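Below, all heavy atoms of this structure are taken into account, side chains as well, without hydrogens, waters or symmetry copies. Quick caveat, the model's predicted, so the values are computed rather than measured. Below, chain A is the first sequence line, B the second, and so on; all start at residue 1.
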There are 2 protein chains.
Amino acid sequence: MRMQNGDGKLNMAGGMAETGLNERAQHLLKVLVERYIRDGEPVGSRTLSRDSGLDLSPASIRNVMADLEELGFIVAPHTSAGRVPTVKGYRFFVDTLLAVKALEQQEVRLIQQQLAIHDPTPHSLLASASRMLSAITRMTGVVTLPRREHIAWRHIEFLPLSDNRVLAILVVNEGEVQNRILSLDRSYDSAALQQIGNYLNIHFAGKDIHVVRAELLSELTRTRESMNNLMLAAITMAEKVFETRGQESGHSYVMAGETNLMEWAELSDVEKLRRLFEAFNQQRDILHLLDKCIVAEGVQIFIGEESGYRVLDECSVVTAPYSVGDEVVGVLGVIGPTRMAYERVIPIVDLTAKLLGAALNSRK
Amino acid sequence: MRMQNGDGKLNMAGGMAETGLNERAQHLLKVLVERYIRDGEPVGSRTLSRDSGLDLSPASIRNVMADLEELGFIVAPHTSAGRVPTVKGYRFFVDTLLAVKALEQQEVRLIQQQLAIHDPTPHSLLASASRMLSAITRMTGVVTLPRREHIAWRHIEFLPLSDNRVLAILVVNEGEVQNRILSLDRSYDSAALQQIGNYLNIHFAGKDIHVVRAELLSELTRTRESMNNLMLAAITMAEKVFETRGQESGHSYVMAGETNLMEWAELSDVEKLRRLFEAFNQQRDILHLLDKCIVAEGVQIFIGEESGYRVLDECSVVTAPYSVGDEVVGVLGVIGPTRMAYERVIPIVDLTAKLLGAALNSRK
DNA sequence: TTTGGCACTCGCTTATTGTGAGTGCCAGAT
DNA sequence: ATCTGGCACTCACAATAAGCGAGTGCCAAA
């Protein structure tokens with residue numbers, strides 16, 4: 001326990017009572033975190049004395065460092081190593097000390113360029129954004145598939161296959177194509193299917209898909225005598241389309257650059273990497289995490305254990321929601337080691353979210 | 001140099017002059033490889049003497065082992081370790097010594113079951129096969145997308161989007177849906193696009209897609225005066241669809257279980273794994289390799305460097321082509337460490353190829 | 001042709017010892 | 001009231017050495 005010039009001093013000066021850190025301590029913490037992010041090695045009092053610009057001897061620095069440690073902002077991995085930021089340290093750094101660097105013109109242009117695909121499908125835009133995020137940050141990029149509140153029925157088309165099976169192609173919103181195969185209890189020829197499709201398109205085009213589903217269900221419970229064969233078939237088939245929907249398009253994400261994480265020394269343990277990659281494949285946990293970010297205003301950051309998922313204990317996740325029109329439809333972000341260059345990653349994620357939204361919107 | 005009972009002896013006895021190995025040497029090699037595959041540790045003369053069933057002393061075994069080493073079938077990783085199979089050793093083992101185990105009923109049923117999906121799209125079958133291969137072998141499964149010689153035009157549909165753009169949906173073969181977005185120099189309304197689609201479908205339905213393309217190109221060079229507006233628009237748009245085809249659906253594969261490879265000790269070097277995974281993502285090299293296997297009759301095996309790709313130096317690849325009807329359309333297989341249980345993997349890959357072919361075919 | 005014996009090799013593990021970066025604390029300087 | 005030089009101390013890490021043990025090649029005898 002250090003009492004000599006411990007809590008007391010730190011709490012008083014600098015007018016930063018809430019944080020428990022006076023100006024000097026904050027500055028030193030900032031330099032320490034920056035330094036650790038740069039080199040990945042514990043930072044000692046000598047280094048800090050040299051590079052802080054404060055003209056203090058290592059001994060004085062050590063006093064401050066002891067305080068910072070006691071308050072939980074930094075730890076020493078072992079007795080005679082320098083100090084390393086804790087999650088709390090990173091958190092304070094990110095929340096209060098971080099000077100977010102404005103992006104260089106060059107980088108802005110690079111990002112724009114990557115998203116300026118010729119005639120993109122919505123999906124190819126997402127894939128591109130994800131790839132770009134991973135390439136530019138040398139970490140893992142992730143973009144959730146957009147999930148609109150309102151999904152507009154655009155067009156449906158049925159084609160006959162063999163064995164009483166029918167290929168159903170449903171187009172929603174602006175060019176999102178979904179297709180599935182239906183097994184029916186009798187066969188229909190092209191013309192009949194054409195009619196069925198027409199019937200449905202006339203009734204439902206432009207309507208919200210949830211409304212369509214509700215109407216379908218209520219139609220199905222109506223007395224069947226009051227419908228003609230065509231109507232009945234149409235409604236049954238449309239309902240079958242919706243039955244099998246959901247799980248695949250249901251919700252997931254596009255990821256890129258997983259292998260980038262293997263280049264970071266702090267993640268070089270094969271077993272940890274395996275678990276991480278497995279979580280990436282599983283999608284479940286990552287998706288839950290990203291889902292939380294959809295309600296946030298802008299960039300959101302989870303540092304280490306903050307995410308609440310053990311596999312991400314040594315990772316940080318920087319996310320931002322993206323919107324089409326004025327509706328937030330998805331989240332994108334970057335996954336990397338806690339020791340990442342936040343001041344660079346944050347504006348990159350921020351900008352990408354905005355540009356992706358714009359790109360999706362302009363093509364709407 | 002061992003001359004005492006070196007080449008001479010081995011070449012004579014056993015009537016296996018071509019191979020350079022007499023019966024006893026072959027048997028010992030077999031036991032050694034099996035043992036090494038099981039335990040992953042260099043096999044010494046003592047172990048072999050105990051487990052070969054030959055009632056020979058370690059000393060005698062050592063003589064044989066010295067010969068096997070001189071002929072290049074095995075090596076000692078260092079002076080006082082046991083021996084390990086070389087690529088040549090594995091190759092001889094696989095070609096001549098291997099007793100392919102018939103699959104257990106249980107396993108056969110497991111495989112069948114995994115491929116018995118309710119109303120699968122072609123793609124979901126491939127994905128399922130790949131996942132199943134990886135799960136059952138605890139290695140990485142891969143299935144190339146089927147590439148038919150003959151691709152039949154089934155149906156095309158155009159839907160108007162904003163800004164002179166059109167969504168084109170092309171269905172080929174039995175339920176394979178491709179869609180892309182075309183930017184045009186003027187706008188068309190639904191009705192016009194409907195007409196254009198009809199025109200094309202009437203002309204091309206059932207035709208091979210290569211033929212269609214050829215006809216389109218020759219039509220385009222015809223004097224344009226002799227066509228009406230509808231025809232011109234139809235042909236231009238169809239040609240645009242083909243222009244942008246190819247790279248995406250062009251050729252690639254579905255992979256599963258990459259992370260399984262991280263559990264094999266011999267691949268636990270992060271840098272090697274990174275390169276391997278990067279090659280998986282790149283697809284290029286792997287695809288070249290798989291393409292070679294499409295001409296093979298049945299199961300094909302590449303052991304270590306045999307593949308010709310450096311990233312696969314420590315891996316073996318077991319593949320088999322799969323067919324729809326009597327046309328070979330793709331390749332599937334398993335990628336794992338050289339030290340894999342070939343006698344199990346080979347029949348699994350073989351059976352999976354047959355069942356996948358059957359599944360694709362039955363739904364045709 | 002096979003085998004027991006024997007000297008030898010060499011990768012591992014464990015213990016030992018430095019070395020150096022970094023620390024905490026104290027007493028004296030500012 | 002702070003800061004700093006000094007000093008003893010800690011501890012990860014690297015280098016060196018020693019012992020073990022599995023395995024080897026070769027030889028001479030069975």
Side-chain angles (χ1 to χ4, degrees), chain A residues 1-14 22-25 27-28 31-32 35-36 39-71 74-85 265-266, chain B residues 1-14 22-25 27-28 31-32 35-36 39-70 74-85 265:
Chain A
M1 290 277 247
R2 299 198 75 258
M3 274 301 140
Q4 183 188 5
N5 51 6
D7 308 31
K9 160 186 142 202
L10 291 173
N11 277 322
M12 302 312 172
N22 65 22
E23 204 131 328
R24 176 199 283 174
H27 179 193
L28 284 175
V31 176
L32 185 145
R35 183 87 191 190
Y36 181 69
D39 304 348
E41 263 161 35
V43 184
S45 54
R46 275 174 56 88
T47 336
L48 226 45
S49 150
R50 253 193 289 100
D51 298 2
S52 69
L54 280 189
D55 197 37
L56 284 178
S57 79
S60 311
I61 305 263
R62 283 204 288 279
N63 289 329
V64 183
M65 288 169 85
D67 296 336
L68 285 170
E69 179 156 26
E70 190 158 349
L71 291 171
I74 55 179
V75 274
H78 58 264
T79 326
S80 75
R83 306 302 218 290
V84 159
E266 49 261 74
Chain B
M1 290 277 248
R2 298 196 76 261
M3 273 301 139
Q4 183 188 8
N5 50 8
D7 308 30
K9 156 188 143 201
L10 291 172
N11 277 323
M12 303 310 172
N22 64 23
E23 204 131 330
R24 176 199 284 174
H27 176 83
L28 285 174
V31 177
L32 186 147
R35 183 87 192 190
Y36 181 68
D39 302 349
E41 263 160 36
V43 185
S45 54
R46 274 174 58 88
T47 335
L48 226 44
S49 150
R50 254 192 288 102
D51 299 2
S52 70
L54 279 190
D55 198 36
L56 283 178
S57 79
S60 313
I61 305 264
R62 281 204 288 279
N63 289 330
V64 183
M65 288 169 86
D67 296 337
L68 286 170
E69 178 156 27
E70 192 157 349
I74 55 180
V75 274
H78 57 262
T79 325
S80 74
R83 306 301 218 291
V84 159

Among D:dC7, D:dA12, C:dG11, which is the nearest nucleotide to the side chain of A:H78?
D:dA12
Within this structure, what is the CD-to-P distance between A:E41 and C:dG22, rounded to whole angstrom?
9 Å
Identify whether any heavy atom of A:S80 sits under 4.0 Å from a base atom; if not, whether one sits that close to sugar-phosphate; answer base, sugar-phosphate or nothing.
base
Can you give me the closest heavy-atom contact between A:P77 and A:V75, atom names plus distance?
CD-O, 3.7 Å
Under the side-chain contact (heavy atoms from CB on, under 4.5 Å) test, which residues partner A:D39, sequence neighbours left out?
A:R35
Can you tell me how far apart OG (B:S57) and CZ (B:R62) are? Round to the nearest 0.5 Å.
7.5 Å
Shortest side-chain distance from B:L56, nucleotide among C:dT23, D:dC11, C:dT2
C:dT2
Quick one: A:N22 CG to D:dC3 P, roughly how many Å, whole number?
10 Å
Return the nearest nucleotide to the side chain of B:R83; candidates are C:dG4, D:dG25, C:dT23.
D:dG25
Figure out the CG/C1' separation between B:D67 and C:dT2, and round it to whole Å.
14 Å
Comparing A:A81 with B:P77, nearest DNA chain C nucleotide closer to 5' gives the residue B:P77
Side chain of B:R62 - closest among C:dG4, C:dG24, D:dG25:
D:dG25
Tell me the interatomic distance from A:R50, atom CZ, to C:dA21, atom C1', rounded to whole angstroms.
12 Å
Whole angstrom value for the distance that separates P of C:dC25 from CE of A:M65
14 Å
Would you say B:T79 places a side-chain N or O within less than 4.0 Å of OP1 or OP2 belonging to C:dT9?
no
Using a 4.0 Å heavy-atom cut-off, does B:A59 contact any base of the nucleic acid, only the sugar-phosphate backbone, or nothing at all?
base
Rounded interatomic separation in angstrom, taking CG from B:L48 and P from D:dA22:
17 Å
Using side chain to side chain contact (heavy atoms under 4.5 Å, CB included), reason through A:E69 and A:I74 one step at a time and then give a plain yes or no.
CA-CA 5 Å; A:E69 179 156 26; A:I74 55 179; 4.2 Å; yes
Nucleotide nearest B:N63 when distance is taken to its side chain, options D:dT4, C:dT3, D:dG6
C:dT3
Counting the atoms with a prime plus P, OP1 and OP2 as sugar-phosphate, which does A:S60 contact under 4.0 Å by heavy atoms, base, sugar-phosphate, or nothing?
base
From the set C:dT23, C:dT2, D:dT4, return the single nucleotide nearest to any side-chain atom of B:R24.
C:dT2
Taking the nucleotide of DNA chain C with the nearest heavy atom to each, does A:A76 or B:D55 sit closer to the 5' end?
B:D55
To the nearest Å, give me how far apart CD1 (A:I61) and C1' (D:dG5) are.
15 Å
To the nearest 0.5 angstrom, please state how far the CG atom of A:L28 sits from the CD1 atom of A:I61.
4.5 Å
Nearest whole angstrom, please: distance from the C1' of D:dC26 to the CD of B:E69.
15 Å
